[in-house]
There are 2 protein chains.
Amino acid sequence: MSAPARRITIKEVAARAGVSKGAVSLAFNHKPGVSDATRERIFEAARELGWAPNLTARSLSNQQVGAVGLAICRPARLLGLEPFYMEFISGIESVLAERSCSLLLRLVRDLEEEIALQESWWKGRLIGGSILVDFHENDPRVPALQQLGLPAVAVGHPSLTGGLPSVWTDDATAAAEAVRYLAALGHRRIARVGGPTGLGHSAIRAAAFESTMRDLGLDGGRQVATGFAGEEGARATRSLLLSADRPTAILYDNDIMAVAGAGVAAEMGLSVPADVSLLAWDDSQLCRLTHPTLSAMSHDVHNFGTEVARTLFDVINGPVPASHQVPTPSLTPRGSTAPPPRTG
Amino acid sequence: MSAPARRITIKEVAARAGVSKGAVSLAFNHKPGVSDATRERIFEAARELGWAPNLTARSLSNQQVGAVGLAICRPARLLGLEPFYMEFISGIESVLAERSCSLLLRLVRDLEEEIALQESWWKGRLIGGSILVDFHENDPRVPALQQLGLPAVAVGHPSLTGGLPSVWTDDATAAAEAVRYLAALGHRRIARVGGPTGLGHSAIRAAAFESTMRDLGLDGGRQVATGFAGEEGARATRSLLLSADRPTAILYDNDIMAVAGAGVAAEMGLSVPADVSLLAWDDSQLCRLTHPTLSAMSHDVHNFGTEVARTLFDVINGPVPASHQVPTPSLTPRGSTAPPPRTG
DNA sequence: AGTCCTGGGTGAACCGGTAAAGCTTGAGTT
DNA sequence: AACTCAAGCTTTACCGGTTCACCCAGGACT
């Protein structure tokens, strides 16, 4: 395992190029103050020695840090199934990479743990800012991080994220569109299988579902709040489909639960979409792989991530930027939605 | 947005506790050299001021770094669908967290980009070691990182990972078990839809599939190398099922392709498992959600992650540890496998 | 010839910790 | 009473960069 080879420092590079440390620093940061010839000699020396600046030292010195934090508070088993996050993360990273910044990722068990983590990251100068997801009503992270003065961007509707600059999708409008679409197909008994009500965006969708049903004069709406896990989606679907007045259409809060729902329907001998229509959310490739393919409320999650990351940099560098929306999830009809059965 | 409040340093804490910086450092690192009374005063002062040590400064000073790197080289769209990675990452993190270490994650486009990234992470002292995944034959990362002297642990069979300490699952044995199981059910025309042959573990499985079929005296084996994306799995399945001598059983390299395969079978009016049996790999929750449920070669991915992380710490701290296996994926029969149709 | 720039560079201070050597003090020998 | 020793702190020298005040040479101006 090749000798530990004492790591080389800026001093060696300076010596080899016959200049001072300061000159090397200037050259490497593309600042004026060194002639082109010297700059060239310095780069040459650095290349020969295989030197790259110690980022730890640099950030100690210039007070800038090269990472942002993201803590996700859901059990891993569940996360792995949510295509959403990886795509979201990759969006974030595409922006970070441009600024040669890294993402510090951690899975946490609860909000308290997250708050403690963010605090130690921030006070330990590991991160220059953070991205917060999965907001609850009266989320304790808002006051905690505000107190710390940690630059952060919230992913969620401003009504949930306190004073934090936010980026969000208009879930209310999307949920309403979903309901209207199903109603237009002729469905009257529509159900919704959502995430935990404590979670802000689930609550928003629930409220929108409720009010849209009312607007349409439909009283056949039912909602089940559950987790995001497929198994929970399956259980909820099973109980809905076994109930007396079984719904003819079900709207899910993510796509994994919709897939599970399709499985349950099949298991019960119901055909999709002839007997029951299913509509997913957070369209991922998965929706195109099942048979029938799943209709979904789809949006560009990668782009969502880039938008969030960009906003975080705005927070870090400048005056607090405005919260803003990214495009509303839009209906993508596929094979799992159709008019309800005649005898509905 | 609460005043930027000049961040406090160890000096202020020392002053308030009426001791020197050194004493504070000693106290906070739980080292002997301060009396209990003083230690208490110091903690008190730190708490009042809300101080936490600047980890950047600390790591500059004591030469230890608080992070390890992981670069994954697959398109994000695809990654999101692979339940494997999130679960794997969470396993890694459960070990890192104990040592209050963080994970630096980056998605890269190709191996060259990964090598450059690892180099800058290492030279920039951002990481103390790295986890490498998705090995190719003659993987260029092996010599490159060895050259750098970067402590690393390889996830893959030692035949692929050069001299790097490795952790791996015995894919050859698992693939053989899969084939034997299907053969025992009576299948003679068995196909396998695998990842790209360039990828080491796909190649290993391919070879094991081939040789096991031969051992069993079956010449009806066919293999298709594709990506890991569901759509590719769907395409491969479609062409297999349309072929003259269509297979009665198909083994997939991950579970997402198996789900896609089930979709294709349904679309073609074939019933699973009556007409065709499907066997997935990397068992995730997804396999239990479809209908029929998917039989799979399953293993504990979370544990795989913890094992890898532990090994990395061994590499970093001590003499190079031995490479070792984690448990071999084992067959978990569910609803997607059965004897072939009579007229097979 | 004397003054004034100005581009190109140097040197020392500093960022906020840790590590190791040095200094007190009081109790325990001898 | 002098001598050792250890516990408990303090001092000081780093770690490897960045920054800023200052310096030096030589050309332009007066």
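Hydrogens, waters and symmetry mates are skipped; everything else that's a heavy atom, side chains included, is used. Chain letters run A, B, ... following the sequence lines, proteins first and then strands; every chain starts at 1. From a predicted model like this one, the values you see are computed outputs, not experimental measurements.
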- For Thr38(B), which contact category applies under a 4.0 Å heavy-atom criterion: base, sugar-phosphate, or nothing? sugar-phosphate

- With heavy atoms under 4.0 Å as the rule, sort Thr56(A) into base, sugar-phosphate or nothing. nothing

Value in whole Å for how far the [atom2] atom of [N] lies from [atom1] of [X]:
X         : N       : atom1 : atom2 : result
Lys123(B) : dG16(D) : NZ    : C1'   : 16 Å
Glu12(A)  : dC15(D) : CD    : C1'   : 13 Å
Leu60(A)  : dA13(C) : CG    : P     : 18 Å

Does [Y] offer a backbone N or O that forms a donor-acceptor pair with the side chain of [X] under 3.5 Å?
X         : Y         : result
Ser94(A)  : Gly91(A)  : yes
Glu12(B)  : Thr9(B)   : yes
Ser120(A) : Leu117(A) : yes

- Query: If you measure from the Lys or Arg side-chain nitrogens to the Asp or Glu carboxylate oxygens, is any gap between Glu44(A) and Arg41(A) under 4.0 Å?
  - Reply: no

- side-chain hydrogen bond (donor to acceptor under 3.5 Å, both in side chains) between Glu87(B) and Ser90(B): does it pass, once the steps are laid out? CA-CA 5 Å; Glu87(B) 184 97 31; Ser90(B) 96; 5.1 Å; no

What does the list of N/O pairs under 3.5 Å between the protein and nucleotides 17-21 of chain D look like, with a distance for each?
| residue | atom | partner | partner atom | Å |
| --- | --- | --- | --- | --- |
| dG17(D) | OP1 | Trp51(A) | NE1 | 2.9 |
| dG17(D) | OP2 | Ile10(A) | N | 2.6 |
| dG17(D) | O5' | Asn54(A) | N | 3.4 |
| dG17(D) | N7 | Lys21(A) | NZ | 2.9 |
| dG17(D) | O6 | Lys21(A) | NZ | 3.2 |
| dG17(D) | N2 | Ser61(A) | OG | 3.1 |
| dT18(D) | OP1 | Asn29(A) | ND2 | 3.0 |
| dT18(D) | OP1 | Arg58(A) | NE | 2.8 |
| dT18(D) | OP1 | Arg58(A) | NH2 | 3.2 |
| dT18(D) | OP2 | Ser25(A) | OG | 2.5 |
| dT18(D) | O5' | Ser25(A) | OG | 3.4 |
| dT18(D) | O4' | Ser61(A) | OG | 2.7 |
| dT19(D) | OP2 | Lys31(A) | NZ | 2.5 |

- Message: Can you confirm if the aromatic rings of Trp168(A) and Phe135(A) lie within a centre distance of less than 6.0 Å?
- Response: no

- Query: Side-chain N or O of Ser35(B) less than 4.0 angstrom from OP1 or OP2 on dA7(D)?
  - Reply: no

- Task: Would you kindly compare Gln63(B) and Arg39(B) by the position of their nearest DNA chain D nucleotide and give the one closer to the 5′ end?
- Result: Arg39(B)

